[in-house]
Every structure is written in C-alpha cells, then in structure tokens.
Amino acid sequence: MDSVKDWPVQERPREKMAELGVSNLSDAELLAILLGTGIPGKDVVAYSRDLLQTFKGIGGMLSAPARDLLAQRGLGPARVMQLQVVMEISRRYLSWQLQREDGFTQPAMVRDYLTAQLRHQQREVFVVLLLDSQHRLLKYVELFHGTINAAPVYPREIIKLVMQHNAAAVILAHNHPSGVAEPSQADQRVTERLKRALGLIDVALLDHFVIGAGDPVSFAERGLL
C-alpha cells in the first residue's frame, strides 16, 4: 500500500490544509494530522477512518473512556493523552465562549458545552450552570454523582450554591449513561421541585438539559418548565 507521501500533493492532509485551510479537511484528515502515522498495512488516513467508524464519529472518539481508546490497535498512552488534551481544550474553549456577554444568545453553544462535559461520563452526573444577571456563565458545578442510572438531588445544596455565588439564574443538566436522553418522570418531578425552590429566592430556572447518546433534550423546548 502506498504511503501518504506517495499521494498527489493536494490529497495529503497537511498539504491540503496549507492550501485550502483547516475547515476543508474531513474528520479523518484532521485525525490523521493529529496522529501523524498509521499502523502496519494502513496509511494514517485509512487508519483514522477505521477509528472513526469504530467510535461512530469524532465526538464518540474524543469522549470515549481511555480504556476503550487503549484497546484499539495503534493507540498507546501517548496518543490517548493527545486525544484527551484536544477534548479538554475544546471544553475550555466552549466554557470561555459561554462566559462572554453573548454566550447564552446561542443555545447550540450551550448544548455543545454540556455534551462535551457530560456525554463521556460513565455514571449519572447532575450539574448546575450558575449565571449572572446578564445570563453569562459564572460557574459550572458537578454537584451530585450517582450510580449508572441515578443521582440524588438535594434542593438545599443547589440553593446554597446559588447564594454563595450570587447567581441570578440557573441551568440544570444531567446525563443518562444508558444513552437514552428522554426525560423520565423522576427527572420532571425533580425539575419542578427545584424550580419552586429557586422561585422562593427569585432565581430563574432557564432550562434543564438531559444528555444522552443522541441530541440533548431541553425541558424548555419541550414545554416542561
């Protein structure tokens, strides 16, 4: 099999990036540049395509647990750490964007941020986004952790956190490690209880997102708030 060096210049990922810009690269080409080399019998682009197929896309790969990545041929500790660094940079970039004045005018950005934070978690995590009066992000807090399918939620802890940071509004989120993002009856009961508790101190509950394997579900969009 020919190596990447034997390909036409315009088809090599690095040269294509230099000529056309990074946004014109496919997911496999981006991953190929990050990995640098393939494995015996496969050039780096073909190897990258195989990895993306295994993990069902770039999002699945970057959010996969380290043990799943290490189980793949050719992904040793150094490469896995590279992938984890990329994921953490993306999380911090999204967090930085949300702290800007216009962060919460873009709901898709909030979804992306919460998905990056929660989709890789192996147990249920309940988080609180604390917002100021302009709805800019003050703090992201992973407040409660549960088993594979449950996390205890205590309103008094959320109220204490809100008061501590003088937050004016709140967005809640939690993940479903089972992969199904559909809100349960228990999710709806907890959300209603928290909405009432926050209302007593004049703090708005803007939304509650459930993160699963597919698209996140918004309580506000479903009319559940």
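FYI, the numbering just counts along the sequence from 1. Treat the numbers as computed from the prediction; the structure is a model and nothing was measured.
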Peer 1: So, do L75 and L70 sit near enough that their side-chain heavy atoms are less than 4.5 Å apart?
Peer 2: no

Peer 1: Which heavy atom of R79 sits nearest a heavy atom of T37, and at what distance?
Peer 2: NH2-O, 2.5 Å

Peer 1: Rounded at 0.5 Å granularity, tell me how far CG in L51 sits from CG in L69.
Peer 2: 8.5 Å

Peer 1: May I ask you to test the E88-Y93 pair for a side-chain heavy-atom distance under 4.5 Å?
Peer 2: no

Peer 1: Between L138 and H165, which heavy-atom pair has the shortest distance, and what is it?
Peer 2: CD1-O, 3.8 Å

Peer 1: I need the minimum non-hydrogen distance between A32 and P13, along with the two atoms involved.
Peer 2: CB-CG, 4.4 Å

Peer 1: Show me the donor-acceptor pairs within less than 3.5 Å that the side chains of residues 197-207 make with the rest of the protein, sequence neighbours left out.
Peer 2:
{"residue": "D207", "atom": "OD1", "partner": "S218", "partner atom": "OG", "Å": "3.1"}
{"residue": "D207", "atom": "OD1", "partner": "F219", "partner atom": "N", "Å": "3.1"}
{"residue": "D207", "atom": "OD1", "partner": "A220", "partner atom": "N", "Å": "2.9"}
{"residue": "D207", "atom": "OD2", "partner": "S218", "partner atom": "OG", "Å": "2.7"}

Peer 1: Show the nearest heavy-atom pair for residues L224 and P183, with the distance to one decimal.
Peer 2: CD1-CG, 4.4 Å

Peer 1: Can any side-chain N or O of N24 pair as donor or acceptor with the backbone N or O of L20 at less than 3.5 Å?
Peer 2: yes

Peer 1: Between V170 and L131, is there a side-chain heavy-atom distance shorter than 4.5 Å?
Peer 2: no

Peer 1: Treat each ILVMFWY residue as a node, draw an edge where side-chain heavy atoms are under 4.5 Å apart, and state whether L30 and M87 are in one component.
Peer 2: no

Peer 1: Work out which heavy atom in G74 is nearest to a heavy atom in I39; give both atom names and the distance.
Peer 2: CA-CG2, 3.9 Å

Peer 1: Do F126 and L118 come within less than 4.5 Å of each other through their side chains, counting heavy atoms only?
Peer 2: no

Peer 1: Under a 3.5 Å distance rule, please check whether N175 uses its side chain to pair with a backbone N or O of I211 as donor and acceptor.
Peer 2: no

Peer 1: Give a yes or no answer on whether the side chain of R123 reaches the backbone of H145 with a donor-acceptor pair at less than 3.5 Å.
Peer 2: no

Peer 1: Verify side chain to side chain contact (heavy atoms under 4.5 Å, CB included) between H174 and D187, making sure each step is shown before the conclusion.
Peer 2: CA-CA 9 Å; H174 75 282; D187 293 338; 3.2 Å; yes

Peer 1: Does this structure show an ion pair linking R189 with E192, if we count only N-O contacts that are shorter than 4.0 Å?
Peer 2: no

Peer 1: Measure the CG-CG distance between L52 and L31 for me, rounded to the nearest 0.5 Å.
Peer 2: 5.5 Å

Peer 1: Dump the intermediate steps for side chain to side chain contact (heavy atoms under 4.5 Å, CB included) on L83 and L34, then the final yes or no.
Peer 2: CA-CA 8 Å; L83 294 169; L34 181 65; 3.6 Å; yes

Peer 1: What's the spacing between I171 CD1 and Y113 OH if we round to 0.5 Å?
Peer 2: 11.0 Å

Peer 1: In terms of hydrophobic clustering (I, L, V, M, F, W, Y; side-chain heavy atoms under 4.5 Å; direct or indirect links), are V128 and Y154 co-clustered?
Peer 2: yes

Peer 1: Answer yes if the side chains of R196 and T191 hold a donor-acceptor pair under 3.5 Å, and no otherwise.
Peer 2: no

Peer 1: Go through the steps to decide whether E182 and R222 satisfy the test side chain to side chain contact (heavy atoms under 4.5 Å, CB included), and finish with yes or no.
Peer 2: CA-CA 11 Å; E182 193 65 26; R222 288 281 188 92; 2.8 Å; yes

Peer 1: Looking at E19 and R14, is there a salt bridge between them, counting it only when a charged N and a carboxylate O are closer than 4.0 Å?
Peer 2: no

Peer 1: Are there over 12 heavy-atom neighbours, none belonging to Q53, within less than 6.0 Å of that residue's CD?
Peer 2: no

Peer 1: Could you give me the CA-CA distance, side-chain angles and deciding distance for L172 and V127, then say whether side chain to side chain contact (heavy atoms under 4.5 Å, CB included) is met?
Peer 2: CA-CA 6 Å; L172 306 173; V127 307; over 6 Å; no

Peer 1: Are L25 and L62 connected in the hydrophobic side-chain network, where two residues link if heavy atoms are under 4.5 Å apart?
Peer 2: no

Peer 1: Report yes if some heavy atom in the side chain of Y47 is under 4.5 Å from a heavy atom in the side chain of L35; otherwise report no.
Peer 2: yes

Peer 1: Between E29 and R49, does any side-chain N to carboxylate O distance fall below 4.0 Å?
Peer 2: no

Peer 1: So how far is it from K160 NZ to L143 CG, rounded to the nearest 0.5 Å?
Peer 2: 9.0 Å

Peer 1: Of R136, Q134, H135, which meets side chain to side chain donor-acceptor pair (under 3.5 Å) against D132?
Peer 2: R136

Peer 1: If every non-hydrogen atom of D68 is compared with every non-hydrogen atom of F55, which pair is closest and at what distance?
Peer 2: O-CZ, 3.8 Å

Peer 1: So do the side chains of P216 and E221 get within less than 4.5 Å of each other, counting heavy atoms only?
Peer 2: no

Peer 1: In Å, rounded to the nearest 0.5 Å, how long is the span from NE2 of H208 to CG of L129?
Peer 2: 10.5 Å

Peer 1: Can you hop from I33 to M61 via hydrophobic side chains spaced under 4.5 Å?
Peer 2: no

Peer 1: Under a single-linkage definition using a 4.5 Å side-chain heavy-atom cutoff for Ile, Leu, Val, Met, Phe, Trp and Tyr, are V45 and V86 assigned to the same hydrophobic cluster?
Peer 2: yes

